[in-house]
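Presented below is the structure to which this report refers.
Chain identifiers are assigned alphabetically (A, B, ...) following the order of the sequence lines, protein sequences preceding nucleic acid strands; residue numbering begins at 1 within each chain. Just so you know, these numbers come straight off a predicted model, no measurement behind them.
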Amino acid sequence: MTGLMSDILESAVTLTAIEKSFGAVRALAGVDLLLKPGECLGLVGHNGAGKSTLMHVLAGTLKPDQGRLVIGTQDVSRQYSASNASAHGIRCVFQELSLCPNLTLAENVRIVHRALKGIGWKAKARRLIGEKLDEIFPGHGIDVDQEAGDLNIGQRQMAEIARAFTVTDEPLRVVILDEPTSSLDAVTARQLLTFMRQEVARGTSTILISHLLGDVLDYCDRIAVMKDGKVVAEKEAQNFTRHSLVAAMGATAEKAGPGTTARRRISSALTIEATPLTATQTGKLSVRKGEIVGLAGLAGHGQTRMLIQIFDGARKHSAAFIAGDRQSDGVFNLWSIGENVTVSALRHLRKGPLIRPEHEHNMARNWKQRIGIRTPDMNNNILTLSGGNQQKALFARALGSKADIVLMDDPMRGVDIGTKLEVYEMIRAEAEAGRSFVWYTTEIDELKHCDRAYIFRNGAIVAELQGDELSEDKVLHASFAESA
Amino acid sequence: MTNIWTKLRAQPWIWSFIAMIAVWLATIAFTGGQGAGEILTAALSFATFTIIIGLGQMMVITTGPGNVDLSIPATITLAGVVATKVMDTDNARLLIGILAALGASFVVGLFNYGLIRLLRIPPIIATLSSSFLILSTAISYGRGIRIKPPPMLADFATTRILGVPLLAIFVLALSIGIALLIKRTLYGRTVLAIGQNPRAARLAGLNVDLTRFATYLLSALLAGVTGIVLSGFSGGAALNMGEGFLLASIAVVVIGGTSVAGGRANVPGIWGAALFIYLLDTMLNTFGASAGIRLIMTGVIIIAVITIAGGDRQQR
Amino acid sequence: DTKDKKIALSNNYAGNSWRQSMLKSWDKVTKQAVADGIVAAADPFTTSENQVTEQAAQIQNLILQGYNAIVLNAASPDALNGVVKQACDAGIIVVSFDGIVTEPCAWRIAVDFKKMGAVQLDYLSEKMKDGGNLLEIRGLAGVFVDDEIHKGIEEGVGKHTQFKIVGSVHGDWAQEVAQKAVAGILPSLPEVKGVVTQGGDGYGAAQAFKAAGRPTPLIIMGNRQDELAWWKEQKDANGYETMSVSIAPGVSTLAFWVAQMILDGKEVPKDLVVPFLQINQADLEKSLETTEKGGVANVEYSKADAEKVVAGK
Amino acid sequence: MTALALNRKTLRALLPLASLALVLAATFYAQPRTMSYFGLNLMLQYAVPIALATIAQMFIITVNDLDLSIGPFVGLVGCIGATYLHDTPVLGILALLLCIGAYAAMAALIHLRNLPSIVVTLGASFIWLGIAVMILPSPGGKAPDWLKAIMSLQVPLIPFPIIAALLIALLVHIGLMTSSYGVIMRGTGGNPRAMARAGWSELKTKMVMYGLAGFFGVLSGLSLIGLTTSADAHIADRYTLYAIAGVILGGGEFVGGRVSPFGAVIGALTLALAGSFLIFMRISPDWQIGAQGAILIIVLALRALISAGEARR
Ligand SMILES: Nc1ncnc2c1ncn2[C@@H]1O[C@H](COP(=O)(O)OP(=O)(O)OP(=O)(O)O)[C@@H](O)[C@H]1O
Ligand SMILES: Nc1ncnc2c1ncn2[C@@H]1O[C@H](COP(=O)(O)OP(=O)(O)OP(=O)(O)O)[C@@H](O)[C@H]1O
Ligand SMILES: [Mg+2]
Ligand SMILES: [Mg+2]
């Protein structure tokens, strides 16, 4: 018996030489990957490396052009579909969430469980999801009879994760988590990862895709690194360091941590001042010219609403918005990448009343280079980009406008580490040049790039922290403490 | 050669033109070649009206799912009635008549958008309701009386240059203008953006409300223009003059390759579709088919065209 | 004695000049009748859409409102029978006219639409002994009046075999639609000698022939003022001859009087026939004079006129 | 926070009922005679077929499509019902089954070729009308007696139309809103991609939904001719728009699979009653058409008033 055969025998899933192309884009260029029972595999790679595509293949929602898929010992390459996958116990939390917004959470559970039918199905579904939510995210505060569309993006993500772990008559063998923490705050993210370890201990295999390398290093058993549609490195997690992981991904090596940069001098000119409308007892927010102001606190406590309030209140065209929920607030599905980038700057690309196409092209080309959007052609449709690259296009849109204030709604969701560093740099440069930023983030690490931060709780500002106070401890403390 | 064909095939409007030519060829094959040119001329004259309102309807439909202007037929009637009554067959009153009719259409657009925006009534119902009110206004103002248009208006609407209706030339200019409006102006881009994702459009700093308002206004004004020239063309305004245009305005837009889900507009397709629909009717009339057969054929051919054309179209 | 009685007009459509004239005639005659104390009320009701269901609902409401008689221009000859029966059962007199209903309990003031088609051919055969090609402009497919007139025309062609219908289009009783359809089919037709119509499409047809550069054939008119004016123009210019035929919108007033008479206890036969209004070359000027600009040639009925019709004179 | 949101939701769900109550109250006030078994029966009879057509439209709207052909389809069913079903019941039933099949086939075409439903159903509307005109070139036919009997059923205490409407709403509510398969159908409207990812065939769902729409269209057509006793190809042309208006009045939304069967039926009843109310108001004939629009606007404006405080989603 060869080594390979023995590997397959003891594996939960084996993918061999998987290839997949979208037109000219070769998303997967012959991927081999193996998942053992009861292990947690970390999958990392730059934006557009092919991680999500590979997971779609595994979940049966995309047919590969080439390659073999073996589940347990059964070769399923021929007849494989989404319902097959779920019958084999493979579940997936997709990067773009897939709840039906018009259905309640309980009803959303029914969709993935064919066994839920007949009289009393609803009570069963309600119990299933409710118990799972309690188990994974104690204190989640989500009502299972709420329509998914009424939840904010973080709650939707929590619900979908919980749904993936519910069990009826089909086995639970593999759970794929594609950037599950992108919209979760630090606390809920921790809850999820802890639960994931428990699940793994019970024998379920999981695949965790994340751009937060710390999480991957800490919580996974093994890590596979993808680059340009191939797996380029695959080792036990303890054999990677943060540094070697970044190097394997092919991103520019991480520079000396941020925060070390000397505090910049900020002009005293006040750009905006605002008070959250939704809360009675609340502090006031103010932003100066050239300042980077963070909004922090647990997800769903009114930060997005604050940003929108500022956006609506701002003078015309003086504010730009970078959505984190790019599906519903960001991209224009039918447009090319170029059109998506230039849309906020159109008024400056005109001669007389008419937009000049050559100016538009120039701008698009310019930003493709500046922000490194991975695409052969900016005239391609925006949806051909990977999630992270779509997000980059939204950055380009906002930074390319002439707005004085840039409002960022947790904008780094799904952006890879290399790009993040570049974007941090760009934000800093823009701030030097006099632009103001208001930055809501669920990653406490990111607050280090801010000059100041406001902590939100229940729609109100409960604390203001200066740059040197922005440590994880202090932020979490402020997020939970009773308001003074 | 094949290269051109692949390029052409990718254009959503090409199918309406192919369908139009096929129908035309079938007609003249039946008549043994007789009247080939005249049929086209007639098609051009009558299709122009559908094209004008089609352009307005297209802009409305492009602003997103659920947006449609059902008040177009009533607005045509109102504008026609107001124009002919104010003009009162007098050339000297031509301008004031046109202004009055366009003014009435402007009010219609204002009213429609008011219902949609202020009362948050879904456009389809808002414009349907307002169409009843508009029609009542036309009835009580015009009393169903048919007044002849002033000679100048009638001449403008019926003159031909080398077999091409003058009106068609104007509408061509109008179409180019609208195409430019969509592709190259902030307003047009905003319409397309709203059609895809209104929230994203707002957050991208585009003026969503003003643009939607302008779009309903544009649709009403174009319907008004149609009312004026149509009453010039057919010798006066009648209360039922807009009746045939409700389904036609929607049909030319969608057959022409504009996305009903919003966000994608197509001007050339409207020409192809308007000519196609007219020639289809002509063909079935020429064949002498009975009313039942004609209706069935109309339906079958519309579905066939969209089936052949629509396969690779991206839909949300 | 009917001075406490209330009569309602149930009308299914108001969107053309004929219906507007009809409503106007009703208004004029019944207002006077109410003022004279002949009846207590005579209210007109129109539905917003030309729909059987809407009219049925309307009639049901009229029943509830306690009218003693309903004068009815029906959207369909059969499909309203259910509700007409309900009205009769509630003791209400129903008099239908123009668009009549077949329910036996109702009165009918019918126009012989078939004959209206046939006379056109009779006239043509007189004018053109050699016959020739004809173009037929029909109304709205699936509607009873269209079918009847068409049958009359077919009968006429059967009788006068020198004529041949070479083209037939549906103009939906809307001038714009008719003009459009004629313009489309014309280029493919051989020479057309005459155009037979259902009323109101004459002017549009003439325009279409002119636009196509074809000689103007003999077009049967439909009593609209613009048609008559055009005819007069042609007559003065080149001696153009034709005839014009349609129903007088004032037939609504006849129906009103019939209803009043029935309420008064008079014996009235269930089926009455009114002649259609025909305008010949000789009457053209007179008719044109009495027709409102942009309206329809009309005859309104007085009580005495109505009594004559009922008596069968 | 959640409680407040739920409250608003209940409020929104109760909105259609509130509009109905308002229109009903206004009608009772304008014409007290309607406040009786007989009055309600008469007033609401014609709401039954509209309610059925509205439910049919609702099924289509549930999967994010729009059916522009339901009106002519109901007309076609009426024509089949008054001819084949009456003369040769077996043939009639077969023809009706074929009609339902045609609807499902339409769904397959729309899905497989990725076509806009608006155009396909627009085309289909011509086909239905054409077939209807061929079956019944002019209005007529006879509704089967059992249909007439059902539609004129006299139930003690509560008028039959109200019972029928409630029954329809309840059945559809159970099927669509509470059954486990209903979830799949609504989910397809909410997020078709997610449904496909969970392994549900969108093709199958759409075919089922269109088939159901066809089935309710058939019920609508049959109940309609049960009332009118005979058919007419154009009998229900306007049902298309009524049905859409009914769904929206009932709180449905065009995209996203948010619909309500009770709302839709109530919406249909409201529409029917609004028409009656106008007739009792005795508006001048010129403005009777406009008043229908005004009523629609007022009823819908209520929604805006109630949801005014609601934050924009
Ligand atoms: N439907 C599609 N059509 C065309 N190209 C696609 C499509 N889906 C993905 N791609 C391309 O395939 C490549 C791999 O994308 P994928 O979404 O798998 O990346 P990823 O590793 O998940 O990136 P991210 O971290 O940004 O989510 C990208 O270049 C992307 O542009
Ligand atoms: N006025 C508004 N216009 C457009 N979108 C809005 C508006 N208010 C909220 N949203 C969006 O609705 C979703 C839910 O809003 P909610 O108010 O629950 O979020 P939030 O409390 O601001 O949460 P978070 O802190 O996670 O941003 C968010 O994704 C937000 O982007
Ligand atoms: Mg991805
Ligand atoms: Mg948020």
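Heavy atoms closer than 4.5 Å to chain B are found nowhere in D:Ile110, neither backbone nor side chain. With a threshold of 4.5 angstrom between heavy atoms, D:Ile118 approaches chain B through side-chain atoms but not through N, CA, C or O. For chain B, no part of D:Ile135 is nearby; none of its heavy atoms comes within less than 4.5 Å.
Remark: aromatic rings of D:Tyr103 and D:Phe73 are close, center separation under 6.0 Å.
Partners of B:Ser71 according to the side chain to side chain contact (heavy atoms under 4.5 Å, CB included) rule, which considers only residues two or more places apart in sequence or in another chain, are B:Asp69, B:Thr75, B:Val108, B:Asn112, B:Thr127, B:Ser130, B:Ser131, B:Ile134. Here B:Ala265 pairs with B:Met58, B:Thr62, B:Ile182, B:Leu192 under the side chain to side chain contact (heavy atoms under 4.5 Å, CB included) rule; sequence neighbours left out.
Nearest heavy atom pair, residue B:Leu78 against residue B:Ala104, reads CD2-CB, 4.0 Å. In terms of heavy atoms, D:Arg113 sits closest to B:Ile308 at NH2-O, 3.5 Å. The two residues D:Cys99 and D:Ile80 come nearest to each other via the heavy atoms SG-CD1, 3.7 Å. Across all their heavy atoms, D:Ala104 and D:Met207 have their closest contact at O-CG, 3.6 Å.
Your options are B:Leu128, B:Ile302, B:Leu133, and the one with the most heavy-atom pairs under 4.5 Å with chain D is B:Leu133. Of the listed residues (D:Ser125, D:Gly290, D:Ser117), the one with the most heavy-atom contacts under 4.5 Å to chain B is D:Gly290. Interface check for chain D: of the options B:Thr137, B:Val253, B:Leu135, B:Ile250, the most heavy-atom pairs under 4.5 Å are formed by B:Thr137.
Counting heavy atoms of neighbouring residues, nucleotides and ligands inside a 6.0 Å radius, atom CZ of B:Phe17 exceeds 12 of them.
Under a 4.0 Å N-O distance rule, the pair D:Asp65/D:Lys206 qualifies as a salt bridge.
Between the side chains of B:Thr215 and B:Tyr113, no donor-acceptor pair of N or O atoms lies under 3.5 Å. Checked by atom type, the side-chain pair D:Ser69/D:Trp128 shows a donor-acceptor distance below 3.5 Å.
Inter-residue side-chain proximity for B:Ile116 and B:Ile121 is flagged as unmet; no heavy-atom pair is nearer than 4.5 Å.
Using non-hydrogen atoms only and a strict 4.5 Å limit, the part of residues 290-299 of chain B facing chain D consists of B:Ala291, B:Gly292, B:Ile293, B:Leu295, B:Ile296, B:Thr298, B:Gly299. Below 4.5 Å, heavy atoms of chain B meet heavy atoms from D:Leu241, D:Ile244, all part of residues 235-244 of chain D.
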